[in-house]
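Working notes, beginning with the structure itself.
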Amino acid sequence: MKNLILLIFAALAAACCRTPQSEPPLRPSEYVSTLVGTQSDYTLSTGNTYPAVAVPWGMNFWTPQTGKMGNGWVYTYGSHTIRGLKQTHQPSPWINDYGQFSLMPVRGKDRIDENARQSWFSHQSETAKPYYYSVYLADHDVVAEMTPTERAAVLRFTFPESAESGVVIDAFDRGSQVKVLDQHTVAGYTTRNSGGVPANFRNYFVIRFDKPIETYRIFDGGQEIKGDAVTGDHALAAVYFTTRRGERVNARVASSFISEEQALRNLEELGTDDFETVKAKAQARWDEVLGRIEVAGGTEEQYRTFYSCLYRSTLFPRKFYEIDAAGKPVHYSPYNGEVLPGYMYTDTGFWDTFRSLFPLLNLVYPSVNAEIQAGLANTYKESGFLPEWASPGHRGCMVGNNSASVVSDAILKGITPQEDIATLYEAMLAGRNKVHPQVSSTGRLGHEYYNTLGYVPYNVGINENVARTLEYAYDDWCIAQVAAKLGKTEDAAMLEKASQNWRNVFDPETRLMRGRNEDGTFQSPFSPYKWGDAFTEGNAWHYTWSVFHDPEGLATLMGGKEGFAEMLDSVFVVPPIYDDSYYGFRIHEITEMQVADMGNYAHGNQ
């Protein structure tokens with residue numbers, strides 16, 4: 001009791017002596033900088049990001065567009081001009097975008113194409129938040145702002161005094177439509193994509209202005225079209241108003257992958273809320289999601305780093321479902337082109353996210369991952385495969401069968417909806433024995449070798465074979481844990497045995513993973529510094545540690561814990577030399593390894 005009293009007095013004394021804070025702590029959303037990672041390009045990534053204006057896991061994002069149409073680096077910090085305010089679904093510059101269109105406020109009726117309408121801007125007159133973006137477009141003397149909901153947004157333009165104030169609506173090329181429906185409304189669709197879509201793919205949009213449209217112009221590319229609508233390769237519309245200085249024009253925008261009618265329904269997300277109300281609700285949603293993790297004891301700079309990273313972690317995978325007239329979730333399937341009931345999420349590659357992102361979702365946002373898992377079950381029903389890289393459908397990118405890790409972890413943690421467990425278990429087993437006929441990164445390329453020899457051989461024409469073997473082995477271990485949980489003992493025993501296949505590509509001579517030929521001999525010549533080839537965006541120094549489920553077994557083959565530690569230390573001691581002959585040029589991940597000054601340690605992808 002005496003010690004307790006002393007502790008109480010000590011706490012009171014500390015509280016009395018504490019210097020009062022001059023300002024209350026910021027809301028979590030106010031720590032976020034959406035510009036982090038935007039100073040990137042093809043040769044060197046600092047994040048390959050863009051300033052996404054969105055709500056967490058929202059179906060549609062918005063971003064200022066500095067790059068030309070089709071450029072995966074849609075916004076780069078070093079750019080000087082903005083070409084539009086773009087609705088985007090892009091998860092990465094390498095995967096690129098789909099279903100995109102843009103709005104651009106202009107002054108002048110000759111500012112139509114993306115070069116003519118672009119405007120200089122300065123970061124000093126730019127505000128970039130998760131829930132709000134504002135920029136001064138100097139060439140048009142216009143302040144442009146935007147704030148989002150899940151499937152809609154409000155864009156607000158503050159114009160100068162002009163008889164030629166306007167907004168250019170660009171539905172992009174490769175097949176699009178725009179039409180002026182009435183004095184306030186423009187609708188249309190865009191089909192521009194980068195793959196992973198059925199033939200009937202469209203993103204339907206509707207834009208409603210609060211100021212009557214006085215005049216308008218319609219274009220297909222550079223050709224002006226008479227009338228109020230155009231369907232062609234590259235549809236654009238320019239609508240014009242007479243404005244007084246400081247007059248604000250609001251554009252309420254929504255879109256749908258299902259239909260124009262559904263786009264109008266999605267516009268109802270905005271209700272009667274004005275710009276400031278939508279903005280306040282979006283910020284409150286970010287505070288709710290980011291505030292799920294409360295941090296203390298750090299500097300303001302550390303808080304900004306933490307919450308900016310958490311913001312990025314709660315954007316993808318995005319919702320790809322909509323809400324029908326009955327209030328039920330429904331989605332356009334990017335796998336078979338049908339409109340079907342239930343959840344769907346997309347825009348993530350499990351090779352990149354199974355280690356960190358999905359465990360985070362399970363721990364902090366389990367209800368979100370429950371929907372994602374239900375969507376994965378729908379993906380299997382609609383395509384016969386679990387996705388490995390989806391954007392919005394199956395995409396040919398990276399290796400492995402890491403959907404097994406994502407699905408298994410959710411089942412084992414009790415997050416997966418009960419009604420989806422059997423389907424997802426079936427899907428994981430099915431994926432072990434087949435490969436997608438058009439997208440070889442989906443399923444298991446080389447499964448026939450892996451399931452008989454215990455590895456994917458180096459000399460049978462399947463690239464990145466050691467990487468595939470290692471990831472398939474770990475994935476088998478993941479499925480084995482689910483099999484055991486479900487009481488499927490025979491499956492569990494078979495999968496546990498297969499999970500040891502990593503041993504078949506371990507070379508005891510070098511104590512590194514190494515390509516192995518069909519006849520059992522190891523590849524020769526062999527360089528542990530060679531990127532690609534038997535590995536994926538890495539080399540033997542990196543992939544040797546890809547035995548997440550059996551580090552003790554790996555240590556044993558390396559000669560025990562001391563040998564294991566020696567090899568691990570070596571990663572950071574050997575010089576950052578490399579062999580890029582597999583690619584024919586130095587990929588940006590190699591450069592990022594070199595400039596880190598940490599030997600041959602490469603953290604870029606993971």
- Query: Can you tell me if Y335 and N378 form a side-chain donor-acceptor pair at under 3.5 Å?
  - Reply: no

- Task: Find the distance between CG (L424) and CG (L376) and round it off to the nearest 0.5 Å.
- Result: 6.5 Å

- Query: Using a distance-only test with no angle check, is there a side-chain donor-acceptor pair under 3.5 angstrom linking Q177 and R202?
  - Reply: no

- Message: Is the positively charged end of R468 above the ring of Y450, judged by distance under 6.0 angstrom from the centroid and angle within 45° of the axis?
- Response: no

- Establish, from distance only, whether the side-chain atoms of E464 and T536 form a donor-acceptor pair under 3.5 Å. yes

- Honestly, is R192 close enough over F172, meaning NZ or CZ under 6.0 Å from the six-membered ring centre and within 45° of the axis? no

- E269 side chain to T149 side chain, donor-acceptor N/O pair below 3.5 angstrom: yes

- Message: Any donor-acceptor pair under 3.5 Å linking the side-chain atoms of E426 with those of Y380?
- Response: yes

- Message: Taking Y204's backbone N and O only, do any of them form a donor-acceptor pair with S256's side chain (distance below 3.5 Å, no angle check)?
- Response: no

- Task: Quick one: list whatever passes ring-ring contact (aromatic ring centres under 6.0 Å, His included) with Y583, sequence neighbours left out.
- Result: none

- Would you indicate whether E419, at its atom CD, is surrounded by more than 12 heavy atoms from other residues, nucleotides or ligands within a distance under 6.0 Å? yes

- Task: Determine, for F385 and K434, whether the Lys NZ or Arg CZ falls below 6.0 Å from the six-membered ring centre while staying within 45 degrees of the axis.
- Result: yes

- Item | Within 6.0 angstrom of E448 CD, more than 12 heavy atoms from elsewhere | yes

- Item | Pair Y345, E371: side-chain N/O donor-acceptor within cut-off below 3.5 Å | yes

- Message: Just checking Y449 against Y472, ring centres under 6.0 Å apart?
- Response: no

- Task: Answer yes if the ring centres of F350 and F358 are under 6.0 angstrom apart, and no otherwise.
- Result: yes

- Is there side-chain contact between Q87 and S255, with at least one heavy-atom pair below 4.5 Å? yes

- Query: Looking at Y543 versus W531, is the centre-to-centre ring distance below 6.0 Å?
  - Reply: no

- Using a distance-only test with no angle check, is there a side-chain donor-acceptor pair under 3.5 angstrom linking E589 and H542? no

- Would you tell me whether Y311 and T34 have side-chain atoms, one donor and one acceptor, within less than 3.5 Å of each other? no

